[in-house]
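Chain letters run A, B, ... following the sequence lines, proteins first, then strands; residues in each count from 1.
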Amino acid sequence: MNLDGETNLKLKHALDVTSSLRDAGSLKEFRAVIKCEDPNEHLYSFIGTLYNDCQQYPLSPQQILLRDSKLKNTDYIYGVVIFTGHDTKVMQNATDPPSKRTKTERRMDKIIYVLFSALMLVSFTGSLFFGIETKRDISGGNYRRWYLRPDRTTVFYDPRRASLAAFFHFLTGLMLYGYLIPISLYVSIEIVKVLQSIFINQDQAMYDEETDRPAQARTSNLNEELGQVHTILSDKTGTLTCNSMEFVKCSIAGTAYGRGLTEVEVALAKRRGERMTEPLSIDTVDSGKSVKGFNFRDERIMNGRWVKEPHSDDIQKFFRVLATCHTAVPEVTESGDIIYEAESPDELAFVIAAREVGFQFFKRTHTSLKLHELDPFSGEIVDRVYKLLHVLEFSSARKRMSVIVRSPENKLLLLAKGADSVIFERLSKHGRLFEAQTKEHIENYSEAGLRTLAVAYRELGDDEFRIWEHEFMKAKTSVTADRDVLVDELADRIERDLILLGATAVEDKLQNGVPDCIDKLARARIGIWVLTGDKKGTAINIGYACSLLRRGMKQIVITLESPEIEAVEKHEDKEAIAKASFESVKRQIHEGKSQVAREQSTEFGLIIDGKSLTYALDKNLVHNFMDLAVVCATVICCRSSPKQKAIVTRMVKSVTGRTTLAIGDGANDVGMLQEADIGVGISGVEGMQAVMASDFSIAQFRFLERLLLVHGHWCYRRIAMMICYFFYKNITFGFTLFWFEAHASFSGQPAYNDWYMSCYNVFFTSLPVITLGVFDQDVSARLCLKYPLLYQEGVQNILFKWVRILGWMFNGVLSSIIIFFFSTNSITGQAFRQDGQVADYSVLGVTMYTCVVWTVNCQMALSINYFTWIQHLFIWGSIALWYIFLMVYGSIPPTLSTTAYKVFVEACAPSLLYWLTTLLVVISALLPLFSYRAFQIRFRPMEHDKIQRRRSEGLEDDGRRRRLSESSETRNSSELPSEIRIRINSLKGSPRRKNS
Amino acid sequence: MMNTVRESRRDRETAFYLFTQQRLPACKPVLTPAWVITIFLFTGLIFIPVGLVTLRASSGVVEIVERYDAKCVPEPFRIDKVSYIQDDSIPKNCSVSMKVHRYMKAPIYIYYQLDNYYQNHRRYVKSRSDQQLLQGRKYHSTSPCQPVEFNNNQSIVPCGLIAWSLFNDTFTFIRERTKLKVNRKNIAWKSDRDHKFGKNVYPFNFQNGTLIGGGKLNPKIPLSDQEDLIVWMRTSALPSFRKLYGRIEEDLDADDVVVVQLMNNYNIYSFSGKKKLVLSTTSWLGGKNDFLGHACVFVGSSSLMLAIVFTLLHLKSRR
């Protein structure tokens, strides 16, 4: 398991004192004591000491192998286990897998409580009246309703014990009105969600041909939450980027080389509307050989032609630095190729670039580096051996690395590469020859989203080196706590008076379509946070590359890498450090907030590093921090540990109270994925850890767009509508029962035959509502993607607001009133047929039930705007099924069919009044909601109404002519916010309407 | 699954593929203003005429309703009607006259109407045995018939509260001293007569208890021919209901006076119900009921109104 999301090689050293122990025998004799810190979740730090022979040896992360590390370049190691099981850093970073339920479902639970109270209330009302009526049946010695035989009773109807009878009636009522609480809703929702998941899995637009992986909904119960995502928390490496660096450009001796175009440049050019002719010329230069990690195209350098360039000696030195100043390890494969294992993908890119240009690094020993080099004079390839004297390693504080080597010519060389700011301030006077041009190039490169490093060297005098080396070794072997500081200081002393050679530009290759996808998501007004283990600079670069940070966006940077904090840190007083850091972070947050308040029109991006984040998430500061973070369009947290990722996720979730989605690909994202409302795993190269912990898995980041904007939106809409409708249909049904019972002396007599009631939720109303939940689309997938703003319907939860839910419930009650009173008043009393027969209990039951079935199914037909043959079949089929059922059930012997016996064939069907009543009742019951919808769509349209309207007016061709107009449309849509576009489009549309 | 879908590229446009990609051809109606106005107008234009036709049909029906429960209690007993009705020694015959105000064409249906009578009370509705009605005394599991199941340890046929409380007022109709011809056959549903009540089942041990509910049955006539019982046992939907008593098969002219001689046997006094006698003709729609017509006209005109309001608002906001 790799923890920080990177599968790179990490160099680990044994302590000098133990490096001599190379077999089991010597190990047996070795006695030592290790004292170390308590188990914790910090991956990048370890504090411990090894005591051996009264000597102390400090232990650092360099000596620690984390659980699940893989060995490279060695077959075995001897070691001692420090922590096991739950004490390991991996496990310390793990969080308990949570059980996730959607907000919709949680709200549904509340609705159930509401309905349950309604059920209690209704039953209680019934029992109260029933009790009173029953009690009155014996007054004195007289029997009031003698036909009920109050003299010979059971507990269920005993006027002498009316309260007991009322209690039992209450229980009967709970059973009778159980329809108010749709148990079948849960079943239907489960079915629907499983089917929705199948659709997600089947979607060809989210299928990755390269890896042969479809999108996969690993849990089916979060589908609708996909439509409500407010904040996306994304991992960077492997998620936004491929985690492979490509060497694309360099600037050597003031000349820029490299003709490749980066994705960012392509995007920029596209935005300016330039024609893209450039890629063609690259192809002509490209000899057809493509090397991973190398995308450098320049005929002036390649194939040994650098020799003819004006500053060929600088070019030679430049690539020598790249070929030697690193910690990579070469490995010769069976086919004779050389592959490299490097600590970071950047280094890998450099070594590969050097190899491709002609400086092939092929062997590393403990003390030397061996290169195949092209000799510029003879034109032959020669082996050169550099003696490796010292490696001054890279650290985030130093921002540079250098090696000290002795060249075959016996020259002492210090070769350095590092961040431009650090290198430039260390140049010697005569080393600044190309500074201006290089700086300009570096600027251009970083604008193009490239990661840049400056490259420099220096020749050392033997004496100078000897003195320095002496002190350096002394510092290195010292055991004082400030050893690192001493070492750094000494390194600093030698890394001076450098001569600038040039700069490199490496592209952190973005995954396919990432900038477009992020752009879309941003236009759907989804906040995006990037939580990365990267350094600040890298993170910002990537932010630009994938259009998270845009031009014109102001950056607010919160960091603890300021001189004053560093000054405090030197004093080693932990409390003082904490306090100073806290104050610093607090101050920076306040500054940020006031800046945001001042400039309300500009967009802001917030960048915060891991250390500051620890303080920002302190409970005294977290609300301030969140206030700031929420107004920023983009938040980038760099240098964050897995645990921090999870904590940030939890904080975002709890402080904003909105839906969060975490997306990541590595084991280090597991905590985050589990903590977020929805975890999306990228089933990429980094193993399956993240996928196993995720709720959805996709093969590419760009599929997230479709997963959210299309499937999320649809699923949210479907589930929300489905639940509302479900309550509607059951309330309609349940309340007709109540009105009838009120007319039956609250005796608990149902209005319908038992079988009608049992079949209601199973046969006559279930399939249409499942169809709604599985197939309904307000607008097509293409339009969902074209109008990202539509997504806000889910984020703002417009379709599942309490008003809307209660509105549907009210509509249900209204329908039930219309159905009951209209049918009783028209059918009962007088004869309902020409032959003078009157409508009895069974006829009224059938009439009302017919009206209910028609009403709820037609209400469904009115609420959806998407009819395929499936919808038609299920809606109209359900109604037809009712009549068929009635005929079949009515034709079986009366002892079984009881009140339903021939009631349709004999009594109802020949009665015109029955049909007319059905028509009247159904239309009147539909009219209220229809009128509301008609007025609302016209005068207060929701986003989907607008889009549907445009589509219906032919402004939005739905597929056929799409290809022709696509190119011009996409350009339009990428530039303007969709609101404006809608307005423009409606302007375009208005003259046409006036003409008509 | 994925592979098969992918491999069969040439089948990309097949129905199943479109189905899995949620791209089936679909009809996507949108409520545009034009549609809204059309639908409202259409509803209005359908319902108003239908309502008017219905009202016309209803007004063509002649209906005479006569409440007789209070009238038929002799003056001295009016303070305590219950003891009057429960006292078998007092003769219950009574005579009321009904004036025909419009020509009534035969067949004229005779109904008795009971108000505040809960024939739909759960206890009441359940108290019957369909099996026993078909099979008679052979059938023993008559427990639903509680509390009128046995008498003197012998089962009762027909059992149950419904049968026990059979309505037993009788009516004879006299016009100008001659009895009107009243057909009391075929007043029950045919399916009930043929399939719910046994042809070989005779009343047994009926109304023999200490407490006598309603009417008695002739033990010589099989249940399938006891049409009053069959009609009564088809329980009503609401506490106010009519039941068919018979048909007068002669026309009645306007200003005819029909004298009804009736036996006021049935006790509705203890629960302050009402008894009415109804003579009614029918139309193609059934009896007299203006409700449906009014409701149709109301719904129709509301929807016309909505159409107008919508159109006005629509035009106004467009400007």
Side-chain angles (χ1 to χ4, degrees), chain A residues 142-149 152 157 199 202-204 207 214 743-745 747-749 777 822 824-826 828-834 836-841 844 865-868 894-895 898 901-902 906-907 912-913 916-917 920 923-924 927 931 933-935 937-939 948-949 952, chain B residues 2 20-22 24-33 36 43 82 109 118 120-125 130-131 134 147-148 161 165 189-191 195-196 213 234-239 242-244 247 267 270-271 280 282 284-289 291-292 295-296 299 303 306 310 313-314 317:
Chain A
N142 296 326
Y143 305 141
R144 190 171 65 101
R145 290 186 291 187
W146 56 269
Y147 53 89
L148 298 176
R149 288 300 290 266
R152 292 171 67 177
Y157 168 76
F199 274 131
Q202 290 285 324
D203 195 334
Q204 288 291 297
Y207 168 76
H743 285 81
S745 184
S747 56
Q749 176 65 14
Q777 302 178 4
F822 277 29
T824 51
N825 278 314
S826 14
T828 61
Q830 86 292 3
F832 83 116
R833 291 152 51 112
Q834 196 163 13
Q837 288 288 2
V838 289
D840 62 334
Y841 169 77
L844 181 73
N865 331 70
Y866 181 76
F867 291 90
T868 62
T895 44
T898 61
Y901 184 64
K902 294 212 167 162
E906 188 186 31
L912 267 170
L913 192 63
L916 207 55
T917 305
L920 171 76
I923 299 290
S924 342
L927 208 55
S931 318
R933 282 284 292 156
F935 279 88
I937 287 176
R938 173 62 186 81
F939 301 107
Q948 286 173 355
R949 179 82 187 281
S952 77
Chain B
M2 291 315 300
T20 60
Q21 299 308 305
Q22 309 193 51
L24 281 178
C27 156
K28 301 172 184 173
V30 175
L31 272 185
T32 56
V36 170
T43 317
V82 178
Y109 296 92
Y118 286 92
N120 57 7
H121 195 286
R122 185 172 164 85
R123 178 177 163 84
Y124 188 82
V125 173
D130 285 334
Q131 298 275 8
L134 263 180
V148 190
L161 280 174
S165 60
W189 294 104
K190 190 172 183 306
S191 64
H195 301 286
K196 276 195 180 169
R234 191 102 173 191
T235 53
S236 76
L238 297 175
R242 286 179 191 175
K243 282 190 186 286
L244 197 56
R247 282 182 291 269
N267 175 13
S270 58
F271 51 86
S280 171
T282 55
W284 54 271
L285 208 56
K288 192 173 192 65
N289 185 354
F291 176 83
L292 188 71
C296 282
V299 169
S303 108
L306 283 170
F310 187 89
L313 284 176
H314 174 60
S317 76

For this session: For this output row, return yes or no: ring centroids of A:Y147 and B:Y118 closer than 6.0 angstrom.
Result: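 Ring centroids of A:Y147 and B:Y118 are no less than 6.0 Å from each other.
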Taking side chain as C-beta onward, heavy atoms only, is [X] less than 4.5 Å from [Y]?
X      : Y      : result
A:L920 : B:L292 : yes
A:F199 : B:Q21  : no
B:V30  : A:N865 : no
B:P29  : A:Y866 : no
A:F935 : B:L313 : yes
A:Y901 : B:W189 : no
A:D840 : B:T235 : no
B:S270 : A:Y143 : no

Problem set entry | chain B contact via A:F939 - side chain, backbone, both or neither, heavy atoms under 4.5 Å |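 The answer is the side chain of A:F939.
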Exercise. So what's closer than 4.5 Å to chain B heavy atoms on A:L148: side chain, backbone, both or neither?
Worked result: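 Both parts, backbone and side chain.
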For this session: Verify, without hydrogens or angle tests, whether B:N289 (side chain) and A:Q830 (backbone) share a donor-acceptor contact under 3.5 angstrom.
Result: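 A pair under 3.5 Å: no.
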For this session: Check whether the side chains of A:E906 and B:S191 place a donor and an acceptor atom closer than 3.5 Å, and report yes or no.
Result: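 A donor-acceptor contact under 3.5 Å links the two side chains.
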Exercise. If you measure only the distance, is there a donor-acceptor pair under 3.5 Å linking the side chains of A:R938 and B:S317?
Worked result: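 Yes - a donor-acceptor pair under 3.5 Å links their side chains.
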Search all heavy atoms of [X] against all heavy atoms of [Y] and return the closest pair with its distance.
X      : Y      : value
A:R152 : B:R123 : O-NH2, 2.7 Å
A:Q834 : B:T282 : O-OG1, 2.7 Å
A:W146 : B:N267 : NE1-O, 2.8 Å
A:Q749 : B:V125 : NE2-CG1, 3.6 Å
A:T868 : B:P25  : CG2-O, 3.6 Å

Exercise. Counting heavy-atom pairs under 4.5 Å to chain A, which of B:V36, B:L134, B:L306, B:L24 comes out on top?
Worked result: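 The option with the most such pairs is B:L24.
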Exercise. Top residue by heavy-atom pair count (under 4.5 Å) with chain A, among B:S165, B:C27, B:C296?
Worked result: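 It is B:C27.
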What's the separation between atom [atom1] in [X] and atom [atom2] in [Y], rounded to the nearest 0.5 Å?
X      : Y      : atom1 : atom2 : answer
A:R949 : B:T32  : CZ    : OG1   : 7.0 Å
B:Q22  : A:Q202 : CD    : CD    : 10.5 Å
A:D203 : B:T20  : CG    : OG1   : 8.5 Å
B:R122 : A:S747 : CZ    : OG    : 7.5 Å
B:L238 : A:T828 : CG    : OG1   : 4.5 Å
A:Y841 : B:N120 : OH    : CG    : 8.5 Å

Measure distances from [X] to the heavy atoms of chain A and classify the residue's part below 4.5 Å as side chain, backbone, both or neither.
X      : value
B:V82  : neither
B:L31  : both
B:F271 : both

When [options] are compared by non-hydrogen pairs under 4.5 Å with chain B, the top option:
options                : result
A:Q948, A:R833, A:R933 : A:R833
A:I937, A:L844, A:L912 : A:L912
A:T898, A:L913, A:N825 : A:N825

Exercise. How are the rings of A:Y157 and B:H121 set to each other: parallel, tilted or perpendicular (split at 30° and 60°)?
Worked result: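 A:Y157 and B:H121: perpendicular rings.
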